[in-house]
Amino acid sequence: MNEVRSQYRPQEFEAKWQETWVEQGLYDTREDPDRPKWYALTMLPYPSGELHVGHWYAMTPSDTAARYKRMQGYNVFFPIGFDAFGLPAENAAIKHGVDPRKWTYRNIDNFRRQLRQMGAMWAWDREVVTCDPGYYKWSQWFFLRMLEADLAYREYATVDWCPSCNTTLAREQVWGEDRHCERCETPVIKRDLEQWKFRITKYADELLAGLKELEWANSVRTMQTNWIGRSEGAQVTFRTEAGDPIEVFTTRPDTLWGATFMVLAPEHPLVGKIIGDDNRTAVESYVAQAAQLAEEERGNAEKSKTGVFTGSYAVNPVNGDRVPIWIADYVMMGYGTGAIMAVPGHDDRDLEFARKFGLDVKRVITGPDGAVGPIGEAWPSQTEGAMCNSGHFDGTPVAGAAPKVVAWLEETSKGKSHVNYRLHDWLISRQRMWGTPIPIVYCLACGTVPVPYEDLPVTLPEETNMKASGENALLHTPSFLETICPSCKGAAKRETDTMDTFMCSSWYQYGYVDPYCKKGEPLTRDDRPWDPEIGQYWLPVDQYTGGIEHATMHLLYTRFFTKVLRDLGIVDFDEPMLRLFNQGMISGADGEKMSKSRGNVVDPDEVVAAFGTDVVRGYLMFIGPWDQGGPWDPKRIEGIRRFLQRFWTVANAKDGAGETVGDARELEQKLHATIQKVTDDLDHFHFNTAIAALMELNNDLMRALPTRLQGTDLWNEAIDTMCLLMAPFFPHLSEEVWSRRNHEVSVHLQSWPDFDADKILKDRINIVVQVNGKVRATLEVEAGLAEPQLQEGALAHPNVQAHLADKQIRKVIVVPDKLVNLVV
RNA sequence: GGGAAGGUGGCGAAAUGGUAGACGCAGCGGACUUAAAAUCCGCCGGGGUAACACCCGUGUGGGUUCGAAUCCCAUCCUUCCUACCA
């Protein structure tokens, strides 16, 4: 038989099928109201130098899932595009003198070629490139609409600045304990600048509440919840003895009576005003020192506390206590009001500070034993104890005390209920040229003037004057910079900051449905960025897939953006992506993160040349659970190649069937069980176990190959079904085999196979017999055997009898078709 | 300090209350071959046995249950996120 077996040579047919699918328009997009739609979206790539095997890891399972939905009868939309603005292009321009536009489009060409090699069902007819003016004019249009709605604003504030990238960053792009730039890992510094921001904090509560509705992984929802950082409490006004108000935020209004001092952040605006003359030198040098200190050291909780007394006092509004005002860098200007009331009796940090500087410690909540004993350590419990030393609140149980105190604060105008968020407004200004220009003009006469809708897009200049210093080239490009004020027609200058590229990716899922809508026409305020009918059909996204690294960046921004679009009347839903699956990361063969410097990067071109696309796809899906990631192991890719070879062998077998009788019933059972298993696994993104199930069925077919089963109707049904089940994973091989079996219409236009539940039931079943829960025997019996017979069979087994010996059977547990447990 | 995900053979893993290790890699043995590659067949957690039996085994210690990798409590370790957050 060996001589009739042919070799599986994917290189001989993969390219052919890719061309055929394009010719046949197999993956062209059509809105079809008669079929249910399924919008499957995978995070769009940034076209850096080359496609990485990490892209394959993210994208091929997404494609498999999309293909599966399509075979189930959905009209599937699986678009692709390029997130094409960003610093690498600009850096290449500065370093090598290449035009960032040329650099980017050249990379995109290469990406397209490599993406086509995946054999994925991309909707190329709806491709989007975010650096095309036809795309970014809509980003500018959104900006203008948000400006009108007071959701975009300009503010002079302290911002994070990356000295290496020469630009400001959003809070979300500052990472780690040392507060480094997300891109280049340089620690950021603080700068005071006038910057554009989006009012994402306005949606904080809704962004929190919406998470409950989403079929997203817990980890992402938790990360967003923590990032938004909602805490309930009260804002209370303390006053200096001179009468200046100092607002503090506290989550423990029930401990107000225990405030024995106050602490301001060194950057607090009141600091200059309240310094007593005797303390001026000390305070000023402390503030100067704090400004010098890197955030990383300030942020380090291990560091022992430092601080300085201002010489001023404030009055505690609830009991009139005179409390000293200190300055210390453990209070951060960026959270709450930048000032705190310190309650050392009930807060560890305040206690540490009080001890170090000899400040009063007062207990206003009774301890666990009900005593108001000596202060050993801070007593932070919010559930045990009762208020004391707190005027008429004495005796109030601490559980539930806070709302009562807040109500009283409001009645007496000493404070008010307040919710504080960790979330900051989204800073979108970037001092870089390779981005979407912010459509604003600055005029000496008229001030800040938005570019009129009909003048959009504000396009980037063809030629730019790149500076080796990395300074924004737009500042040095007069053709861009110098303009005319839309309002007074006088000379004016354009905003040279561009938008954070997360702006582009906040709405790309909408851009895909109708790319570059209103080509060439002047825009108006009332235009729509995509045809509402097309949008109505496809939106929102049904299934999103991508890495978890975007949990508090892109995934938060795009949710915010959708809520804005809803409030602008552009979409009629609240959430952009209903389901989200986060794949893991593929690492190098050494288990380390793939990177050029480590030399462990796998080039997809090379492995595809060696093994073919289908093998690479299959290998990536077989590594392990998709959300877990794992190392690239060059040896294990052989396993998938062998599997596909064996399928090829089985599927191309002709004649040569042997004399032995195969078990048809067993094969039929396995066939239907496999359909069920693969269907169920694909529903849950369990690609690895789905492939294992396909391997099992194929192994059974290998065993049946030399029997008389080969060539029977059942055999042919099994091979055809294998083609269908394999099609989403291995689109080329299954198409090749399908066509060799004389099917005329593409395997990818077939329906997903159904299984027959009756056929999955086995005729004969192995029953486990346990004595005291330990397996002592197995019995092969016919399915559905009644309990008494099962029990009888179990007792009759010699090994079971040996274990029963002369013991008394106390209890018998029988699980039909599964096991008998004898308790003695 | 707070949170999330994990911990199972030599390795990637499977099993979500019912035969632990499916499927695959590596390894070992065999067939084919002058030989090798490829391909095919078989074995493959540890101890134990001539072979069975039997004993041990899912990070660790308890618990629930006829029965636990799976559920509960405690604890250790790994990875990630977050953090003087008031």
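It should be emphasised that the depicted structure is a prediction, and the values quoted were computed from it without experimental measurement.
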- Item | Between P of B:C23 and CE of A:M726, the distance in whole Å | 17 Å

- Does A:R776 place a side-chain N or O at less than 4.0 Å from the phosphate oxygens OP1/OP2 of B:C54? yes

- Message: Under 4.0 Å, counting only non-hydrogen atoms across every strand here, what does A:D350 touch: a base, just sugar-phosphate, or nothing?
- Response: nothing

- Query: How would you label the contact of A:R810 with the nucleic acid (heavy atoms, under 4.0 Å): base, sugar-phosphate, or nothing?
  - Reply: nothing

- Give A:I813 one of three labels, base, sugar-phosphate or nothing, depending on what nucleic acid heavy atoms sit under 4.0 Å from its own. base

- Could you please name the option among B:U39, B:U19, B:A22 that lies closest to any side-chain atom of A:Q645? B:U39

- Message: So, OP1 or OP2 of B:C54: does either fall under 4.0 Å of a side-chain N or O from A:H803?
- Response: yes

- Query: How far does the P atom of B:G7 sit from the matching atom of B:A14, given to the nearest Å?
  - Reply: 9 Å

- Parallel, tilted or perpendicular, as decided by the 30° and 60° cut-offs, for the rings of A:H554 and A:H550: perpendicular

- Query: Which value, in whole Å, describes the distance between the C1' atoms of nucleotides B:G12 and B:U64?
  - Reply: 34 Å

- Query: Does any donor atom in the side chain of A:T201 or A:D425 lie under 3.5 Å from an acceptor atom in the other side chain?
  - Reply: yes

- Establish, with yes or no, whether the OP1 or OP2 oxygen of B:A86 is under 4.0 angstrom from a side-chain nitrogen or oxygen of A:R422. no

- Task: Give a yes/no answer on whether the side chain of A:N688 brings an N or O atom under 4.0 Å of OP1 or OP2 in B:A14.
- Result: yes

- Message: If you compare every side-chain N and O of A:K593 against the phosphate oxygens of B:C80 (OP1, OP2), does one of them come in below 4.0 Å?
- Response: no

- Charged N to carboxylate O below 4.0 Å: is that the case for A:D347 and A:R349? yes

- Looking only at side-chain atoms of A:D329, point me to the closest of B:A4, B:C84, B:C85. B:C84

- Message: Without decimals, in angstroms, what is the distance between A:I623 CD1 and B:A13 P?
- Response: 9 Å

- Query: So does A:N799 get a side-chain nitrogen or oxygen closer than 4.0 Å to the phosphate oxygens (OP1/OP2) of B:C54?
  - Reply: yes

- Query: Strictly by modelled atom types, are A:T306 and A:Y286 linked by a side-chain donor-acceptor pair under 3.5 Å?
  - Reply: yes

- Taking O4'-C1'-N9-C4 for purines and O4'-C1'-N1-C2 for pyrimidines, is B:G9 syn (within 90° of 0) or anti? syn

- Query: How does RNA chain B read in dot-bracket, base by base from 5' to 3', with Watson-Crick or G-U pairs under 3.5 Å and | used when the partner is on another strand?
  - Reply: (((((((..(((.....[....))).(((((.......))))).(((......)))..(((((..]....))))))))))))....

- Message: Check this one for me: any side-chain N or O of A:K818 less than 4.0 Å away from OP1 or OP2 of B:G18?
- Response: no

- Length of the CD-C1' vector between A:Q382 and B:A86, whole Å: 12 Å

- Take atom OH of A:Y330 and atom C1' of B:C85, then tell me their distance rounded to the nearest Å. 13 Å

- Of the candidate nucleotides B:C25, B:A15, B:C23, which contains the atom at the shortest distance from the side chain of A:K677? B:A15

- Message: Please determine whether a side-chain nitrogen or oxygen atom of A:N218 lies at a distance below 4.0 Å from atom OP1 or OP2 of B:G3.
- Response: no

- In whole angstrom, give me the gap between the P atoms of B:C72 and B:G21. 25 Å

- Closest to side chain of A:T778, choosing from B:A86, B:U19, B:C41: B:U19

- For A:R642 and B:C23, give me the distance from atom CZ to atom C1', rounded to whole Å. 14 Å

- Item | Sugar-phosphate, base or nothing in reach of A:V768, heavy atoms under 4.0 Å | base

- Task: Assign A:Q770 to base, sugar-phosphate, or nothing according to its heavy-atom contacts below 4.0 angstrom with the strands shown.
- Result: base

- Task: Examine A:Y330 together with A:F353 and report whether their ring centres are nearer than 6.0 Å.
- Result: yes

- Between B:C25 and B:G9, how far apart are the C1' atoms? Round to whole Å, please. 13 Å

- Message: Distance check needed: B:C66 P versus A:E787 CD, whole Å only.
- Response: 17 Å

- With sugar-phosphate meaning primed atoms plus P, OP1 and OP2, does A:D633 contact a base, only sugar-phosphate, or nothing at under 4.0 Å between heavy atoms? nothing

- What nucleic acid atoms does A:P625 come within less than 4.0 Å of, heavy atoms only: base, sugar-phosphate, or nothing? sugar-phosphate

- Salt bridge or not for A:D700 and A:R703, using N-O below 4.0 Å? yes

- Query: Would you say the base of B:C84 and the side-chain of A:K305 have a donor-acceptor pair closer than 3.5 Å?
  - Reply: yes

- Reference residue A:W426; test ring-ring contact (aromatic ring centres under 6.0 Å, His included); the match among A:W227, A:F502, A:Y557: A:Y557

- Take A:F622 and A:V174, find for each the nucleotide of RNA chain B with the closest heavy atom, and name the residue whose nucleotide sits nearer the 5' end. A:F622

- Query: Rounding to the closest angstrom, what is the interatomic distance between B:C44 and B:U39 at atom P?
  - Reply: 22 Å

- Integer angstrom distance from the P of B:A68 to that of B:U60: 15 Å

- Go through the N and O atoms of the side chain of A:Q628 and the base of B:G6, and report whether any donor-acceptor pair is under 3.5 Å. no

- Message: Quick check on B:A13: is either OP1 or OP2 less than 4.0 Å from any side-chain nitrogen or oxygen of A:R636?
- Response: no

- Rounded to whole angstrom, note down the P distance from B:C41 over to B:A26. 16 Å

- Query: In terms of the nearest nucleotide of RNA chain B, which residue is placed more toward the 5' end: A:F643 or A:T251?
  - Reply: A:F643

- Message: Using the P atom as the point on both nucleotides, what is the distance between B:U79 and B:U8, in whole Å?
- Response: 14 Å

- Task: For A:R9, report the nucleic acid contact type (base, sugar-phosphate, nothing); a contact means any heavy atom under 4.0 Å.
- Result: nothing

- Query: Side-chain donor-acceptor pair under 3.5 Å between A:T778 and A:N766, yes or no?
  - Reply: no

- Message: Just the rounded figure in Å: distance from P of B:G18 to CG of A:L819.
- Response: 10 Å

- Task: Take A:Y619 and A:W632, measure what ring-ring contact (aromatic ring centres under 6.0 Å, His included) needs, and give me the verdict at the end.
- Result: CA-CA 9 Å; A:Y619 167 65; A:W632 172 274; 4.9 Å; yes

- Query: At under 4.0 Å, does any side-chain N or O of A:R349 touch on OP1 or OP2 of B:C85?
  - Reply: yes

- Would you say a side-chain N or O of A:R641 is under 4.0 Å from OP1 or OP2 of B:G24? no

- B:C84 P sits how many Å from A:M333 CE, rounded? 15 Å

- Query: Can A:R617 be said to sit on top of A:W56's aromatic six-ring, NZ or CZ under 6.0 Å from centre and within 45° of the ring axis?
  - Reply: no

- Let me see the working for A:W216 and A:F581 under ring-ring contact (aromatic ring centres under 6.0 Å, His included), right down to the final yes or no. CA-CA 7 Å; A:W216 288 21; A:F581 191 95; over 10 Å; no

- Does the ring center of A:F643 lie less than 6.0 Å from the ring center of A:F647? no

